[in-house]
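These notes concern the structure reproduced below.
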Amino acid sequence: MAETAMMKVPFVWEGTDRKGKKVKGKSLAGDEAAVRADLRRQGVVPSRIRKQRKKLFSGSAKITTGDIALFSRQLATMLAAGIPLVQAFEIVGTGHENAAMQKLILTIKGDVEGGSSLAEALAKHPLYFDDLFVNLVESGEQAGALETLLDKIATYKEKTEAIKKKIKKALTYPGAVLAVAFIVTTILLIFVIPAFEDLFQGFGADLPSFTRMVIDLSQFVREKGWFLAIIIVAAISAFLYFKKRSRPMRHFLDRAALKTPVIGPILQKAAIARYARTLSTMFAAGVPLVEALESVSGATGNIVYEEGVLQMRDEVATGQRLQQSMENTDLFPNMVIQMIAVGEESGSLDEMSGKVADFYEEDVDNAVDNLSSLLEPLIMAILGILVGGLVVAMYLPIFKLGAVV
């Protein structure tokens, strides 16, 4: 059954319905004959059926966390509307433009049709559905409230994805502008400065020290630039390799990032927001606190907070209150600890955690916007110094010659 589902491909069709009105749509089927048979059952007379063409570059499409968040929301909406699970998978899979995501959805649908629970089917794809996702779905299936839990998962995924995008925006924008500045400076050094150098050789006079320095730098880049490029690429590759595979290095980088001026406080707020949002979602689903903290640790996005939450889990497992274990980590502001304490005492930990998450998500949003506003003039100044400095260095000899004349 699963194999049949996986072999289905999307078809685009056009035709007329029982009232003679022109209609068109998409269908998943094994071949064109199956599409025609399905359309006849719906009372549609097909005039044209063809396989859906793949869009440019669609062959290399990857499944992103945004795709999983959208899938969660669509599935939650379908089930809330009373649509059976298998049919919901069929509808969501048919309408998805990402070929890789479409294949994943159909694979899960085939497993469910074969008798597996949704949680079991999702657990076969840990790269896309983590333990938190699978555990919540399993809780929803056992409690008979799958659509409610999927709605909570969708909200959780959307919130955490929004936070990630904000952080990427804060880090990517200045990096991209500085990269452009580096490229422009390199082009000037390799192609523009040599032209001025040839011009200055006819002056027969000593060049200003600043101009001489820039010309020497240009010569160095032209002669040794390829060697520098190899070293830089090798260094970046080694950094990324060890960052992904070395836990001590990740720990050092994450701790250093938290202490970085301006960026550090934003990363800290984002980690707290993810901690609170995940804790709220897990606790609302009825997951025991110790088990919930296990999943929360991996969702913080920072290894320092991950280790802190795991320490909290061990302390809570021995009977200590969550409030006290949070204080022991020295990672959470007093306001967060007090709100969690109120939630513990009133039996509304999920609600108070959600309020903490809302507050810090909004705080991260505002902090990133403010950071962008502050960085724009700073980046423009850096660009001006780099490019303007090279221009001034090249015109200094001309100004000096004009003064002599």
Whether over 12 other heavy atoms sit under 6.0 Å from M380 CE: no
Answer yes or no: is there a side-chain heavy-atom contact under 4.5 Å between L322 and M312? yes
E120 with K124: basic N within carboxylate O range, under 4.0 Å: no
Please answer whether the main-chain N or O of A367 pairs with a side-chain N or O of N370 as donor and acceptor at a distance below 3.5 Å. no
Which atom of I108 lies closest to which atom of F129, heavy atoms considered: CD1-CE1, 3.7 Å
Who are the side-chain contact (heavy atoms from CB on, under 4.5 Å) partners of D17, not counting sequence neighbours? K19, K21, V23
Are E315 and Q324 packed together at the side-chain level, in the sense that at least one heavy-atom pair is separated by less than 4.5 angstrom? no
Is any side-chain heavy atom of N135 closer than 4.5 Å to one of E291? yes
Aromatic contact, F332 with Y275 (centres under 6.0 Å): yes
Can you list everything that forms a side-chain contact (heavy atoms from CB on, under 4.5 Å) with K355? Sequence neighbours excluded, please. M339, E351, M352
Test side chain to side chain donor-acceptor pair (under 3.5 Å) on N334 and E327 and set out the steps. CA-CA 8 Å; N334 187 57; E327 288 178 352; over 6 Å; no
Do the non-hydrogen side-chain atoms of S139 and V287 ever get within less than 4.5 Å of each other? yes
Which heavy atom of V137 sits nearest a heavy atom of A119, and at what distance? CG1-N, 3.8 Å
Can we say E14 and K22 salt-bridge, meaning some charged N sits less than 4.0 Å from an Asp/Glu carboxylate O? no
E362 CD: over 12 foreign heavy atoms closer than 6.0 Å: no
Closer than 3.5 angstrom, by distance alone: can the side chain of D151 be matched with the main-chain N or O of E147 as a donor-acceptor pair? no
Which is it for S325 and N328 under the side chain to side chain donor-acceptor pair (under 3.5 Å) test, yes or no, and what are the steps along the way? CA-CA 5 Å; S325 66; N328 295 341; over 6 Å; no
Run E307 and Q311 through side chain to side chain donor-acceptor pair (under 3.5 Å) and show every step you take. CA-CA 6 Å; E307 291 177 350; Q311 175 189 323; over 6 Å; no
Please assess T65 against E161 for the test side chain to side chain donor-acceptor pair (under 3.5 Å), listing each intermediate value before the final yes or no. CA-CA 7 Å; T65 50; E161 186 64 17; 2.6 Å; yes
So do I163 and Y360 actually touch side chain to side chain, heavy atoms under 4.5 Å? no
Audit row: K62, D67, side chain to side chain contact (heavy atoms under 4.5 Å, CB included) steps and yes/no: CA-CA 9 Å; K62 295 182 179 179; D67 290 327; over 6 Å; no
Hey, do the aromatic rings of F196 and Y395 have their centres closer than 6.0 Å? yes
Is K157 atom NZ crowded by more than 12 heavy atoms from other residues, nucleotides or ligands, each under 6.0 Å away? yes
Using modelled atom types and a 3.5 Å cut-off, is there a donor and acceptor pairing between side-chain atoms of E344 and backbone atoms of Q323? yes
With distance as the sole test, does D254 use its side chain to make a donor-acceptor pair with the main-chain N or O of V304 at under 3.5 Å? no
Hey, does the side chain of R222 reach the backbone of S218 with a donor-acceptor pair shorter than 3.5 angstrom? yes
Looking only at heavy atoms, the pair that brings S72 and I153 closest together is OG-CG2, 4.1 Å
Separation between CD (E294) and CG (D314), nearest 0.5 Å, reads 9.0 Å
Less than 4.5 Å apart, any side-chain heavy atom of R313 and any of L310? yes
Heavy-atom side-chain proximity of I340 to S353 below 4.5 angstrom: yes
Is there side-chain contact between Y128 and M101, with heavy atoms separated by less than 4.5 Å? no
Given K259 and Q268, is the side chain to side chain contact (heavy atoms under 4.5 Å, CB included) satisfied, shown in steps? CA-CA 9 Å; K259 294 180 179 179; Q268 182 184 28; over 6 Å; no
Flag the pair D358 and R277 as a salt bridge only when some basic side-chain nitrogen lies within less than 4.0 angstrom of an acidic carboxylate oxygen. yes
